[in-house]
Amino acid sequence: MKPILSVKGLKKSYGAIQAVNDVSFDVMPGEIFGVIGPNGSGKTTMFNSMLGQIQADAGQIFLNGEEITNLKPQQLSMRGVGRTFQTLQVFGNMTVRDNLIVAAQEHHGTMLNRLFAATDSGLGPQADALIEMFNIAHVSRKPAGALSYGQQKLVDIAMAFMSEPSLVLLDEPCAGVNPLLVVGISRMLKELNQQRKSSFIVIEHNMDFVMSLCQRVMVMVEGEVMMIGTPAEVRANKRVLDAYLGS
Ligand SMILES: Nc1ncnc2c1ncn2[C@@H]1O[C@H](COP(=O)(O)OP(=O)(O)OP(=O)(O)O)[C@@H](O)[C@H]1O
Ligand SMILES: [Mg+2]
């Protein structure tokens with residue numbers, strides 16, 4: 001089986017800080033691939049430099065064998081790559097349902113399209129399916145800003161799936177979310193992974209979440225890959241624990 005994504009020798013520095021230092025890994029079709037590492041270890045910078053948000057200093061990215069290095073977020077979205085950000089991206093004054101529809105319009109067209117397109121553009125059924133799956137039907141007509149932080153997080157995650165992506169990168173989907181909802185998010189991601197055969201790369205600090213959801217986990221420390229292994233292999237590695245304890 002060929003990887004859906006290959007990252008080769010990715011580097012990004014900020015002055016003297018090597019935020020991402022020669023990172024290479026593959027993600028297989030249908031895989032849920034976890035990324036863990038202490039604060040400031042370069043996880044978000046890696047996502048941003050893989051996805052055209054910032055320009056990498058070196059390295060290549062391949063999607064299904066085709067080079068996608070330095071493509072813009074919109075171009076990546078058209079090729080089936082979605083993402084969520086570490087901070088919420090929902091529009092607070094727009095309803096939950098409209099947030100989902102707008103997220104997909106971004107994928108389909110331009111900013112103008114997004115501002116002036118008919119309210120639905122045929123995307124309603126897709127939005128409603130995700131609203132159902134994410135258990136947010138009861139709040140779907142409310143302005144997203146009126147929802148709890150955890151519910152907004154669900155909307156934010158659902159938005160990434162509106163363009164029916166084959167690969168989704170999630171940056172801390174469980175940050176600030178209560179333990180019950182963490183279990184719910186895990187279940188929803190598993191369901192999406194199975195139903196849509198999509199692959200995920202998930203950055204998370206919540207170890208129970210990562211270890212129960214992911215087939216393989218990459219550990220980043222100071223911009224470098226410390227190890228890639230199964231959850232059991234990562235748990236058993238003393239260097240990983242030391243990295244977290246700061247020794
Ligand atoms: N725009 C920037 N300018 C300068 N330094 C930056 C910038 N963005 C990130 N850094 C630095 O790069 C390093 C990696 O940061 P990054 O945000 O990628 O870490 P992270 O692993 O996502 O951390 P966290 O778990 O806290 O989200 C840190 O030392 C950070 O201070
Ligand atoms: Mg981060």
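All ligand and atom numbering here is 1-based and tracks the order in the structure.
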Counting from 1, what ligand 1 atoms have a heavy atom of [X] closer than 4.0 Å?
X: A19; answer: 12 (O), 13 (C)
X: T45; answer: 9 (C), 14 (C), 15 (O), 16 (P), 18 (O)
X: Q86; answer: 27 (O)
X: E172; answer: 25 (O), 27 (O)
X: N39; answer: 23 (O), 24 (P), 25 (O), 26 (O)

Are any of the heavy atoms in H205 under 4.0 Å away from ligand 1?
->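 Right, H205 reaches ligand 1.
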G42 to ligand 1, any heavy atom closer than 4.0 Å =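 It does; at least one heavy atom falls under 4.0 Å.
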Search all heavy atoms of V234 against all heavy atoms of G229 and return the closest pair with its distance.
->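 V234 and G229 have their closest heavy atoms at CG2-O, 4.0 Å.
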Expected output: side-chain [X] to main-chain [Y] donor-acceptor under 3.5 Å:
X: T84; Y: D171; value: yes
X: K43; Y: P38; value: yes
X: N48; Y: Q53; value: no
X: Q152; Y: L147; value: yes

Do protein heavy atoms approach atom 30 (C) of ligand 1 to less than 4.0 Å?
->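 So far as the 4.0 Å threshold goes, atom 30 (C) of ligand 1 is out of reach of every protein heavy atom.
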Right, does atom 21 (O) of ligand 1 have protein non-hydrogen atoms nearer than 4.0 Å?
->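 Yes, at least one protein heavy atom sits under 4.0 Å from atom 21 (O) of ligand 1.
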Can the positive tip of K12 be found less than 6.0 Å from the middle of the six-membered ring of Y14, inside 45° of the ring normal?
->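 That pair qualifies as a cation-pi contact.
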Location of contacts on M46 toward ligand 1, heavy atoms closer than 4.0 Å |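 Near ligand 1, M46 shows nothing, with every heavy atom at 4.0 Å or more.
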The Mg ion (ligand 2) contact by T44, N, O or S atom under 2.8 Å =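 Under 2.8 Å: T44 contacts the Mg ion (ligand 2) through an N, O or S atom.
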N/O/S of T45 less than 2.8 Å from the Mg ion (ligand 2)?
->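 Not a single backbone or side-chain N, O or S atom of T45 is under 2.8 Å from the Mg ion (ligand 2).
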Please write down residue, atom name and distance for the protein heavy atom closest to [atom].
atom: atom 7 (C) of ligand 1; result: Y14 CE1, 3.3 Å
atom: atom 14 (C) of ligand 1; result: G40 O, 3.4 Å
atom: atom 17 (O) of ligand 1; result: T44 CB, 3.9 Å

Among L192, L169, L167, which residue meets the side chain to side chain contact (heavy atoms under 4.5 Å, CB included) test with F200?
->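 Looking at L192, L169, L167, the match for F200 under the side chain to side chain contact (heavy atoms under 4.5 Å, CB included) is L192.
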Going by the side chain to side chain contact (heavy atoms under 4.5 Å, CB included) test, name the single residue among I36, V23, N21 that passes it with M220.
->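 Single side chain to side chain contact (heavy atoms under 4.5 Å, CB included) partner of M220 among I36, V23, N21: V23.
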Do D156 and Q89 meet the criterion of a side-chain donor-acceptor pair at a distance under 3.5 Å?
->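 Result is no, nothing qualifies.
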Ligand 1 N/O within reach of I17 N/O, cut-off under 3.5 Å =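 No; every N/O pair is 3.5 Å or more apart.
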Inspect the surroundings of NZ in K190 and state if more than 12 heavy atoms from other residues, nucleotides or ligands are less than 6.0 Å away.
->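 Yes, because the 6.0 Å sphere around NZ of K190 holds more than 12 heavy atoms from other groups.
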